[in-house]
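Chain naming here is simple, since letters A, B, ... match the order of the sequence lines and numbering starts at 1 in each.
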Protein chains: 2
Amino acid sequence: MQKKYLRIYNDLVKRIQSNSWTIGDLLPSENELAAQYDTSRETIRKALDLLSQNGYIQKVRGKGSVIINRNQFSFPVSGIESFTELTEKMALNSRTIVHSIKYLDPKNESMEILKGNPNEKVWNVNRIREIDGEKVILDKDYFNDKYIPLLTEEICQGSIYNYIENELGLVIGFAQKEIVVENPTEEDRELLDLEGFSNVVVIRSQVHLDDASLFQITESRHRPDKFRFVDFARRVKN
Amino acid sequence: MQKKYLRIYNDLVKRIQSNSWTIGDLLPSENELAAQYDTSRETIRKALDLLSQNGYIQKVRGKGSVIINRNQFSFPVSGIESFTELTEKMALNSRTIVHSIKYLDPKNESMEILKGNPNEKVWNVNRIREIDGEKVILDKDYFNDKYIPLLTEEICQGSIYNYIENELGLVIGFAQKEIVVENPTEEDRELLDLEGFSNVVVIRSQVHLDDASLFQITESRHRPDKFRFVDFARRVKN
DNA sequence: GAGTGGTCTAGACCACGAC
DNA sequence: TCGTGGTCTAGACCACTCA
């Protein structure tokens with residue numbers, strides 16, 4: 001038995017994406033939807049809140065819920081998404097090269113944040129992402145071995161996130177992400193096709209599980225012409 | 001009379017920021033908070049949802065609400081925030097130079113998106129942001145004159161957002177933002193202290209009002225060493 | 001088993017927009 | 001005035017964690 005408000009949300013997303021309404025149209029009112037889906041208004045409101053958060057509608061008091069145009073930009077990277085999810089969605093011609101897998105003692109590597117107990121170690125994976133035959137992204141990932149006891153080349157070759165969520169049953173909760181532009185390191189120059197570019201875009205993130213524990217630190221280093229970040233944001237209210 | 005859940009949210013933020021709890025601590029349970037604030041549990045849950053969205057807590061089923069560390073990175077730019085708000089928050093030594101104010105016919109300027117009726121025009125403001133004596137950001141803003149009938153140099157010198165929200169009474173709803181790295185234009189080289197940098201970071205956004213109407217397009221061009229973007233994201237659920 | 005957060009309900013009153 | 005979304009309530013049942 002799926003959650004009712006999620007079922008309604010998914011149904012409405014489907015109806016919006018199939019152009020049942022056009023941009024600027026109003027959704028049926030909350031009371032009408034409550035009747036249609038045979039549920040209470042608060043449950044409808046939960047589904048509509050999700051639609052609003054994800055940029056499908058804008059609620060206007062006294063009027064209704066307006067369908068808005070979310071996909072002004074074509075490369076949806078808002079939120080946490082893995083490279084594999086992304087390339088699948090965009091149908092990019094891509095390849096992943098596992099460059100190295102190491103099992104480190106964090107106290108030697110200035111990765112103090114990741115260590116919980118002093119005898120916990122850290123997995124480090126470096127992967128190169130090739131798009132259309134060019135090496136344009138270097139992903140450096142660090143995992144606490146408390147959560148990921150073993151990493152093999154096969155796992156790293158596929159989607160580590162898929163492995164984590166579906167095989168290990170861990171649930172990602174939230175991430176903090178930082179985007180800056182830096183000078184390329186020796187390693188960048190060696191592993192990527194930088195072609196004279198004098199900068200790389202670096203995305204550093206700390207990924208936490210459902211129970212708020214930090215389990216991964218990543219550094220994703222992009223050739224600047226292949227970088228694009230898209231964000232959908234609501235104005236912060238008081 | 002302020003909204004109850006907002007009052008509770010603000011109170012809890014204050015208590016968190018004053019270190020009433022440390023990272024990893026549990027908030028009082030929802031039932032206990034409901035009693036403390038003399039309200040229903042659903043109202044408490046609204047306040048906690050806000051805390052969660054804004055990265056103060058992570059709710060864990062069966063356990064409680066965990067205080068999490070939001071400020072691993074020090075430059076909070078997530079969401080929609082204006083340059084003036086930012087510099088104030090960071091206490092930066094900054095200055096704004098209004099370079100030009102123009103009143104344009106959008107059909108000549110490939111700004112078709114902004115025009116609603118054919119006789120509406122568009123305000124264009126170019127401003128240079130100086131930090132510590134260096135010209136490092138070029139902001140190019142375009143406003144539909146339906147919403148902003150008049151822009152003066154004085155308004156542009158201060159915070160346009162402040163003017164819009166407090167003087168005109170307009171309410172910002174949401175924005176779509178895109179971040180890419182580009183080659184500097186002639187204008188960038190002329191107006192900014194680029195010092196041999198061969199890239200600029202460009203943030204393009206479309207800002208919509210509360211009623212979902214598009215009223216502003218902006219392009220913010222940053223010298224790469226002075227650019228930093230921070231994001232707090234929750235994992236998308238199905 | 002006790003306590004936690006997650007979902008859902010049926011109803012109430014309010015602020016706002018359109019007519 | 002009527003319909004809309006926004007807030008708030010009191011209660012119910014469930015799924016989960018932990019002792």
Side-chain angles (χ1 to χ4, degrees), chain A residues 1-12 21 24-53 56-68 169-171 173-174 209-213 234-235 237-238, chain B residues 1-12 21 24-53 56-68 169-171 173-174 209-213 234-235 237-238:
Chain A
M1 177 54 180
Q2 206 190 5
K3 289 166 232 168
K4 217 178 224 182
Y5 75 91
L6 262 188
R7 196 174 54 70
I8 297 169
Y9 164 74
N10 286 322
D11 190 53
L12 288 172
W21 303 281
D25 280 4
L26 290 177
L27 232 52
S29 78
E30 295 182 349
N31 282 316
E32 198 176 326
L33 287 171
Q36 275 183 30
Y37 286 99
D38 187 29
T39 186
S40 72
R41 197 179 139 221
E42 284 289 0
T43 298
I44 292 295
R45 284 178 58 76
K46 267 191 196 158
L48 295 190
D49 281 351
L50 266 185
L51 287 175
S52 172
Q53 279 170 37
Y56 290 104
I57 61 169
Q58 169 80 9
K59 304 182 99 185
V60 185
R61 188 198 285 244
K63 278 174 71 180
S65 298
V66 188
I67 311 277
I68 62 181
L170 300 175
V171 180
F174 60 95
L209 294 177
D210 220 14
D211 66 354
S213 57
R234 297 201 164 271
R235 179 76 170 167
K237 357 169 197 182
N238 256 2
Chain B
M1 177 52 180
Q2 207 190 5
K3 288 166 231 168
K4 216 180 226 183
Y5 75 91
L6 261 187
R7 196 174 53 71
I8 297 169
Y9 164 74
N10 286 322
D11 190 51
L12 288 172
W21 303 281
D25 280 3
L26 291 177
L27 234 51
S29 77
E30 296 181 348
N31 282 316
E32 199 177 324
L33 286 172
Q36 274 184 31
Y37 286 100
D38 188 30
T39 186
S40 70
R41 195 176 143 224
E42 285 289 359
T43 299
I44 293 294
R45 285 178 57 76
K46 266 191 199 161
L48 295 190
D49 281 350
L50 265 185
L51 287 176
S52 172
Q53 279 169 39
Y56 290 103
I57 61 170
Q58 170 80 8
K59 305 181 99 187
V60 185
R61 184 197 286 241
K63 280 175 72 178
S65 297
V66 188
I67 311 278
I68 62 180
L170 300 176
V171 179
F174 59 95
L209 294 177
D210 219 16
D211 67 352
S213 58
R234 296 201 163 270
R235 179 77 170 165
K237 359 168 199 185
N238 258 0

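For the OP1/OP2 pair of C/dC8 and a distance below 4.0 Å, the side-chain nitrogens and oxygens of A/K4 include no atom meeting the criterion. Using a 4.0 Å cut-off, no side-chain N or O of A/T43 falls inside it from OP1 or OP2 of C/dT7. OP1 or OP2 of D/dC8 has not a single side-chain nitrogen or oxygen of B/Y5 nearer than 4.0 Å.
The nearest whole Å value for the distance from the CG atom in A/L48 to the P atom in D/dT7 is 14 Å. For the pair B/K46 NZ and C/dG6 C1', the interatomic distance rounds to 16 Å; values are reported in whole Å. One interatomic measurement links the two molecules: CD of A/Q58 to P of D/dG5, which rounds to 13 Å at whole-angstrom precision. Distance NZ (A/K59) to C1' (C/dG17): 16 Å, rounded to an integer number of Å. At whole-Å resolution of the value, CZ in B/R45 and C1' in C/dC8 are 11 Å apart. A straight line from NZ of A/K3 to C1' of C/dG5 spans 12 Å, rounded to a whole angstrom. As a whole-Å value, the separation of B/I44 CD1 from D/dC8 P is 11 Å. Distance NZ (A/K63) to C1' (D/dG3): 14 Å, rounded to an integer number of Å.
Side-chain contact between A/Q53 and B/Q53 is present, with at least one heavy-atom pair separated by less than 4.5 Å. The closest side-chain heavy-atom distance from B/V60 to B/L26 is not below 4.5 Å. At least one side-chain heavy atom of A/K59 sits less than 4.5 Å from a side-chain heavy atom of A/D49. Residues A/L48 and A/L12 meet the side-chain proximity criterion, which asks for heavy atoms closer than 4.5 Å. Between B/K46 and B/E42, the closest side-chain pair of non-hydrogen atoms is not below 4.5 Å.
Within residues 27-39 of chain A, the residues approached by DNA chain D to less than 4.0 Å at the level of any non-hydrogen atom are A/S29, A/E30, in residue-number order.
Nearest heavy atom pair, residue A/A47 against residue A/I8, reads CB-CG2, 3.8 Å. Taking each heavy atom of B/D210 and A/Q58 in turn, the nearest pair found is O-NE2, 2.8 Å. Heavy-atom minimum distance, A/I68 versus B/A212: CG2-CB, 3.7 Å.
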Check nucleotides 12-16 of chain C for protein N or O atoms closer than 3.5 Å to its own N or O atoms and list the pairs.
{"residue": "C/dA15", "atom": "O4'", "partner": "A/R61", "partner atom": "NH1", "Å": "3.1"}

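Side-chain polar atoms of B/N31 and B/S29 form no donor-acceptor pair below 3.5 angstrom.
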